[in-house]
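The structure under discussion appears below in the form of structure tokens.
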There are 2 protein chains.
Amino acid sequence: MQPSDSLREQMIAQYDAMSAQLQQAARYVLEHPQDVALVSMREVARHAAVQPATMTRLAKFLGLPGYDELRAQYAAALRDGGDGFAAKVRKRVVEGSERGVSDIASHMLQGLSAQLAKLCEPDSLRRLEAAADRLKSARKVYVLGLRSSHAVAWHFHYVMTLLGERSVHLDGPGGTGGDALVRATSEDVLLVISIKPYATGALELAQLAKAQGVGIVSITDSEVSPLVALSEQAVFCPTESDSFFHTLTPALAVSEVLCSLLAEFDRPKTLEALQQADEHLLHLNTYATAIPRRR
Amino acid sequence: MQPSDSLREQMIAQYDAMSAQLQQAARYVLEHPQDVALVSMREVARHAAVQPATMTRLAKFLGLPGYDELRAQYAAALRDGGDGFAAKVRKRVVEGSERGVSDIASHMLQGLSAQLAKLCEPDSLRRLEAAADRLKSARKVYVLGLRSSHAVAWHFHYVMTLLGERSVHLDGPGGTGGDALVRATSEDVLLVISIKPYATGALELAQLAKAQGVGIVSITDSEVSPLVALSEQAVFCPTESDSFFHTLTPALAVSEVLCSLLAEFDRPKTLEALQQADEHLLHLNTYATAIPRRR
DNA sequence: AGATATTTGCAACAAATAAATCATTAAAAT
DNA sequence: ATTTTAATGATTTATTTGTTGCAAATATCT
């Protein structure tokens, strides 16, 4: 699957010596080796968000006569990776169900993969869509997730912030998280994430919000979750895993899908908000692509 | 490895109804499916000893708008077949493409599912195992994840505390998150999660920790991530999604797998720790299974 | 801060591509 | 045997491809 290896390794080795654009191109090539073999250079460049010329420059940087040679290498790799030798080895690893440490991992990941696939069933999709609709009609979205669900709640809130949406994360030091709800009205919606075992605090806050007339949308794990009774809309996600604890991965996926649907709803606005965020973070030097020099 | 099957079968079925030249072209295509995807039409025609126009005619004979569509089908087939394990999952993506309103959601979830499946490849599993080994040898595990990666870092830390492991989350109000590192030694390990765009703060802290002799294990998105240079062990997770932002779901899955491997390492200890946590939380009335009565 | 390299984006270019068109040939039907 | 039909080959056309040269922008070094 990899081009003669030497090329791939060379790219990784010399990555730090490349210019920013070259790195961007190289990164895409490393992550999408099939594309290099299967689509035209200009299209690869478009996907990598890079000028066409940069792809040529990348090839030359690697010591090749031109881009065509690069493509040829990847094509050759894809040829005998497709149904040749490497494929069988790979298959044997998958089939070979021997006990081992990596077996636990593999089994778990396959399970998670299947769970996400299951979320594509019509009922789930309907619920996702309904939940997104309800959320987008809200003036303000309060997000609540305690204990393990905190990660999901926080991530949802973080993405919503980037999208410029009015999102309030019900969390704070010293148990003050729920205070922000005092100003919530019936025009607002509370998104509450809770899976078994359900945190008492989350249920109480949700109930309180509902009493205030706030609409409730929930991400939870079952039709018989206590949240269902409180919610206008509920999305269900599996949490079982063959480990000691419940998995949050499907819940996070659901929340990301919700974000995506909301973002898709008004693309221009989303794009503008993202650009604004980009500029802001750029000025703050929030991000880096290489190891910062120590001072 | 074959294009959507229907095409291949159609060619075989209608083979007798073709003219001599068309048969010659079709035969070559059937016998060299990879060439169709990887080289230009004219070259395929040359290899098949057929006029270039004949290839176009073949495509139209099969009911396709043009040769490009034929190539596209073979390219898609090569994509799925070529890349080992995720193939099956992704195939379902192509097939189950009902276009509806919730198409975005469905597509996104199937993509995530495929990405998790991809994590089962031998290389990923090796890395997961190595990372888990390194973590379990640590006296104390510091966990660092800024911005979007915060969710993953927090969740990892949360699970680790339930498991009774010595885990320290490098986060705190007012930018004091890194302070806990002052006491870190070479017996400890820092687990840092960062995906593109890489938060400057995370890189700086990781670099500082490394200078102190702290071992570094990272969850990141690419072999050319700046974290790789700092890390003893690195696990790579995909982050692409067809939404506006990168997905964290695979990263979270990876972190859950790591937790699981660590828990599995010493089952008795894990069970004891979980039971202890259960009791503790029970006394605090942390969890409920029904809607709490309002007071 | 100024001077010098380097990097980057843009536009133009020639080569190659797939498709469309027309002419020629072979086959079938009357 | 002649007309009609389909098939094949050659030619042309509008795109698209990979590449290159050059100016603006950026970074680097005295």
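Here is how names work: the chains are called A, B, and so on, in the same order as the sequence lines, proteins then strands, and each is numbered from 1.
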Is there any salt bridge (Lys or Arg N to Asp or Glu O under 4.0 Å) pair reaching into residues 35-64 of chain A, and which pairs are they, with sequence neighbours excluded?
A/D35-B/R79
Testing the 3.5 Å rule here: is there a donor-acceptor pair between the side chains of [X] and [Y]?
| X | Y | value |
| --- | --- | --- |
| B/S241 | B/S243 | yes |
| A/E256 | B/T247 | yes |
| B/S149 | B/S194 | no |

Can you tell me how far [atom2] of [N] sits from [atom1] of [X], to the nearest Å?
| X | N | atom1 | atom2 | result |
| --- | --- | --- | --- | --- |
| B/R71 | D/dT16 | CZ | C1' | 11 Å |
| A/E69 | D/dT19 | CD | P | 11 Å |
| B/L22 | D/dT8 | CG | P | 7 Å |
| A/Q21 | D/dA27 | CD | C1' | 14 Å |
| B/D68 | D/dT17 | CG | P | 9 Å |
| A/L64 | D/dT19 | CG | P | 10 Å |

Under a 4.0 Å heavy-atom criterion, DNA chain C is touched by chain A from C/dT7 to C/dC10
When the aromatic ring centroids of B/H169 and B/H150 are compared, is their separation below 6.0 Å?
yes
In plain terms, say whether A/K269 and A/E165 are close enough for a salt bridge, that is, a side-chain N and a carboxylate O under 4.0 Å apart.
yes
If you take any heavy atom closer than 4.0 Å to DNA chain D, which residues from residues 44-61 of chain A end up in contact?
A/A53, A/T56, A/R57, A/K60
B/S124 versus B/F236: any side-chain heavy-atom pair under 4.5 Å?
no
Mind checking whether A/L38 and A/L78 have side chains closer than 4.5 Å, heavy atoms only?
yes
Phosphate contact (D/dT16 OP1 or OP2) by A/S40 side-chain N/O below 4.0 Å
no
